[in-house]
Amino acid sequence: MSTSASLPARPEGAMTDGTVTDRLVEANERYADAFTDPGMDARPVLRVAVVACMDARLDLHAALGLELGDCHTIRNAGGVVTDDVIRSLTISQRKLGTRSIVLIHHTGCGLEAITEDFRSELEMEVGQRPAWAVEAFRDVDQDVRQSMQRVRTSPFLLHSDDVRGFVFDVKTGLLREIDPA
């Protein structure tokens, strides 16, 4: 039995009915038919790691003019720097050669609309409190500053001199740089 959500109705001639996962697998089959090995390894060409929100409106490669192989992309809810992001950045730097870190939050983030009470709500619903913090925030600029500070002060990261933070405007597509001070 499939647990993937069903798709909304599709126009005639579109892909077969099924789940979202079925659609993704079909798309992968078409992709693989035309795929050729690009001959790359896991080291990003531009030696940069981008940490960003998982919001579906952010097409990071297009917005930043990136190509396949240019960067490591680390995404989570809010684009906040959590312990797991530090883990990924540490591996990216120490084992795969990145030197620069770009942090991207965005306008209209869902984490601005919830609170840490979400953990309590989950505990009431499922009987177990999540070990992770929601990392909700009210001020996106301040949250970018906090994320920059977490990166710059991590003892695990070798390169913290080129860390810059931005807010992506989902209405205009423009980045606005955040002063770390």
Side-chain angles (χ1 to χ4, degrees), residues 14-15 20-21 23-113 135-137 139-154 156-181:
M15 297 164 73
V20 172
T21 304
R23 182 192 295 178
L24 299 176
V25 170
E26 288 174 8
N28 174 256
E29 289 168 359
R30 289 188 304 280
Y31 173 80
D33 285 343
F35 183 80
T36 56
D37 180 358
M40 302 174 182
D41 67 14
R43 296 174 185 275
V45 172
L46 298 180
R47 299 172 63 169
V48 63
V50 178
V51 178
C53 185
M54 66 186 192
D55 191 294
R57 296 172 290 182
L58 277 67
D59 182 350
L60 293 174
H61 276 73
L64 300 175
L66 296 169
E67 299 293 331
L68 180 67
D70 281 348
C71 72
H72 283 159
T73 305
I74 304 160
R75 295 180 80 155
N76 67 19
V80 294
V81 176
T82 61
D83 286 346
D84 193 59
V85 168
I86 293 293
R87 178 188 70 87
S88 293
L89 288 172
T90 301
I91 293 166
S92 178
Q93 285 191 353
R94 290 179 177 265
K95 297 297 181 185
L96 298 166
T98 59
R99 298 293 178 261
S100 300
I101 299 171
V102 174
L103 306 173
I104 301 178
H105 287 34
H106 66 92
T107 58
C109 184
L111 283 186
E112 293 175 289
E135 298 279 353
F137 55 86
D139 181 338
V140 66
D141 291 18
Q142 184 54 37
D143 203 62
V144 171
R145 286 186 196 95
Q146 177 177 307
S147 289
M148 285 190 283
Q149 183 65 18
R150 286 178 178 174
V151 168
R152 288 189 171 122
T153 59
S154 172
F156 306 110
L157 297 174
L158 296 171
H159 307 282
S160 59
D161 53 323
D162 188 13
V163 177
R164 294 171 65 183
F166 300 86
V167 174
F168 178 87
D169 187 313
V170 298
K171 300 289 186 201
T172 68
L174 289 171
L175 290 175
R176 178 173 51 83
E177 188 158 9
I178 302 301
D179 184 347

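Under the 3.5 Å distance criterion, the side-chain polar atoms of Gln93 are matched with a main-chain donor or acceptor of Leu158. Side chain of Thr90 to main chain of Ile86: a donor-acceptor pair is present (N/O by atom type, distance under 3.5 Å, no hydrogens or angles). Side-chain N or O atoms of Asn28 include none that pairs as donor or acceptor with a backbone N or O of Ala32 at under 3.5 Å.
The salt bridge (charged side-chain N to carboxylate O under 4.0 Å, His left out) check on Arg57 picks up Asp55, with sequence neighbours excluded. A search for side chain to side chain contact (heavy atoms under 4.5 Å, CB included) contacts involving Ala63 returns Phe168, not counting sequence neighbours. Residues satisfying the side chain to side chain contact (heavy atoms under 4.5 Å, CB included) criterion with Gln149, sequence neighbours excluded, are Thr153.
Contact record, Val163 with Arg152: O-NH2, 2.5 Å, taken as the closest heavy-atom pair. Arg150 approaches Val81 most closely through the heavy-atom pair NH1-O, 2.7 Å. Closest heavy-atom contact between Met148 and Ile178: CE-O, 3.6 Å. Looking at every heavy atom in both residues, Asn76 comes nearest to Val80 through ND2-O, 3.0 Å. Minimum interatomic distance between Ile74 and Ser88 (heavy atoms only, all atoms of both residues): CD1-CB, 3.7 Å.
Applying the salt bridge (Lys or Arg N to Asp or Glu O under 4.0 Å) definition to pairs two or more places apart or across chains, those involving residues 168-181 are Asp141-Arg176, Arg164-Glu177. Within the structure, salt bridge (Lys or Arg N to Asp or Glu O under 4.0 Å) contacts touching residues 62-84 (residues at least two apart or in different chains) are Asp84-Arg87.
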Worked check of side chain to side chain contact (heavy atoms under 4.5 Å, CB included) between Val102 and Asp162
CA-CA 8 Å; Val102 174; Asp162 188 13; over 6 Å; no
Residues Val140, Thr107; criterion side chain to side chain contact (heavy atoms under 4.5 Å, CB included); working and verdict:
CA-CA 7 Å; Val140 66; Thr107 58; 5.8 Å; no
Could you please spell out the steps behind the side chain to side chain contact (heavy atoms under 4.5 Å, CB included) verdict for Thr98 and His159?
CA-CA 8 Å; Thr98 59; His159 307 282; over 6 Å; no
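The structure places CD of Glu112 at 9.5 Å from NE2 of His105, a figure rounded to the nearest 0.5 Å. Once rounded to the nearest 0.5 Å, the distance linking CG of Asp161 with CZ of Arg99 reads 10.0 Å. To the nearest 0.5 Å, atoms OG (Ser147) and CD1 (Ile101) are separated by 11.0 Å. Atom OG1 of Thr73 sits about 8.5 Å away from atom CG of Leu64, to the nearest 0.5 Å. Of the inter-residue distances, the one linking Glu135 atom CD with Asp143 atom CG reads 7.0 Å to the nearest 0.5 angstrom. The CG atom of Leu89 sits 8.5 Å away from the OG atom of Ser154 when rounded to the nearest 0.5 Å.
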Throw together a table of side-chain donor-acceptor distances under 3.5 angstrom for residues 39-53, partners on residues two or more places apart or in other chains.
residue, atom, partner, partner atom, Å
Asp41, OD1, Arg43, N, 2.9
Arg47, NE, Gly97, O, 3.2

